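What follows is one structure encoded as structure tokens, with my remarks underneath.
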Amino acid sequence: MMEGLISVDRWAEGSQAYFLTHLHADHTHGLSSTWAKAPIFCSRTTAKLLPFKFPNFDLSLLHVLDLGSWHSLSLLLPCSASKVTLQVMAIDAHHCPGAVMLLFRGEFGCMLNTGDFRWEINGERAKLGREMLLNALKDDVVDVLYLDNTYCNPSYQFPPRDVAAQQIVDIITSHPGHDIVIGINTLGKEDLLLHIAKALNIKIWVWPERLQTMHLLGYHDIFTTDTSLTRVRAIPRYSFSIDTLEGLNTMYPTIGIIPSGLPWVAKPFEGDGKLFDSLLTSRYNRSKESSRGGKQNDKIHGNLGSVKRFHKYIYSVQYSDHSSYPEIEEFIKLVQPINMKGIVSSSSCYVDPVYYFGRICGINQPSQKFDHQHQKFGRGYNGIKKKKNRVGPLGFHLNRVTEMRRGRRGVKLEENECSE
DNA sequence: GCGATCAGTT
DNA sequence: CACAACTGATCGC
């Protein structure tokens, strides 16, 4: 971020202070248990979770930034060896537990790095977030905004998370005789699971490592590793597939729900609509439809615009932990940066936020929408594909399931009957 | 054995 | 069709 001084979510040699916005894997490449380069600054929650991801981490190098307060640190200018003071504030990014935005100020000016963030516009939490940010910025002008540009394209639109969460609750209630599996990652979507647990007054199954994470986060009563206690299970995103759901359905009727910012992750399912119809008659959708004064003729793009059924057993709901396009726009209007850069560059085409939002803050538009940095990947793996022995702790309904056929890509499903 | 990087999955 | 986040293989040390 500043040559020879600080790095945010980058772990190469050469900085004097490193900052970790959150613990997702795509922000920790290069970070490991043997880290010894320099101090790392992160939120209290991230600091609490970090040793679980990186056992034996040298905690003397880990420094907590309390949300909403300025922390000063002294660094040496690489060229002149003179001391320079830097101030940093961590602000809740509402992305996953522990995720923060980082606001820096010093002689170099003022920079804001959003990390990954969701900037919701409506609701009490949004209002608090807005106040917090404005309070932090005060009269400072943000010279450079480093922006989570994941969904920085007008086509990316989705509802607030509480609406998406309720859609998921309605899918569950409209399938009273089914088990439910929800695909989640190692961190994130806790609020969604809490919403479900509270709305339905049930516990939620998670795999054992995830239960440890839940306990570290302070959730002690809602989650369980005992499948007999609930019909709703959160399973690893990576174990969630059409094959998995079809396999589960050979044993017990099971519906899969995939929360994602993208409207769908596979070809939409063209079925007879039986399950979908039952969803449409659920409480939330009925009230929505009547409030609009008529029945939607297009079920896919109507009130349930973000609920996609792309397989007879699977629903995709647009529950996103990244900001939508209109939310990014709102955020930029608030911050009014002098300049900005996208921090997401792993995608095949990098979207320059200045292209869409430059005029909002008086930055000249770049002539090109995309900055192509395609990397061509070889496709020449000719070896015999081994059947993968993937451990998929799916929390089976049945007591003894050791292996199921999964076609070409084998998935081993192991029994996981742990008690709390 | 560890970590970085690449390839591939959902 | 897309992404973020992840797992697993491979390679160099």
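Throughout, a chain's letter reflects where its sequence line sits, starting with A, and its residues are numbered from 1. Computed from heavy atoms alone, side chains included, the values below leave out hydrogens, waters and symmetry copies. Quick caveat, the model's predicted, so the values are computed rather than measured.
Of the side-chain N and O atoms in A/T150, none sit less than 4.0 angstrom from OP1 or OP2 of C/dC3. Within the structure, every side-chain polar atom (N or O) of A/S32 is placed at least 4.0 Å from both OP1 and OP2 of B/dC2. One finds no side-chain N or O of A/H95 lying less than 4.0 angstrom from the OP1 or OP2 phosphate oxygen of C/dA4. Residue A/H29 places no side-chain N or O under 4.0 Å from the OP1 or OP2 atom of B/dC6.
Sequence order on DNA chain C of the closest nucleotides to A/L23 and A/G261 puts A/G261 first from the 5' end.
Here A/R125 does not pair with A/E120 in a salt bridge; the nearest charged N to carboxylate O distance is not below 4.0 Å. With respect to A/R161 and A/D191, no salt bridge is recorded, no charged nitrogen being found less than 4.0 Å from a carboxylate O. A salt bridge does not link A/E209 to A/K53: none of the charged nitrogens lies less than 4.0 Å from a carboxylate oxygen.
Taking every side-chain heavy atom of A/T34 into account, B/dC2 is the closest of C/dA4, C/dT7, B/dC2. Between B/dG3, C/dA5, C/dC3, one nucleotide has an atom nearer to the side chain of A/L262 than all others, and that is C/dC3. The side chain of A/Y156 lies closest to C/dA2, out of C/dA5, C/dC6, C/dA2.
Regarding A/H22, its NE2 atom lies at a distance of 9 Å from the C1' atom of C/dA5, rounded to whole Å. Note: CD1 (A/I258) to C1' (C/dA5) measures 11 Å, nearest angstrom. Residue A/H24 contributes atom NE2, which lies 5 Å from atom P of C/dA5 at whole-angstrom precision. Rounded to a whole Å, the CG atom of A/L187 is 11 Å from the C1' atom of C/dA5. Residue A/Y319 contributes atom OH, which lies 18 Å from atom P of C/dA4 at whole-angstrom precision.
Ring centroid separation for the pair A/H63 and A/H71 does not come in under the 6.0 Å cut-off.
When heavy atoms are screened at a 4.0 angstrom cut-off, A/D116 is found touching the sugar-phosphate backbone but no base atom.
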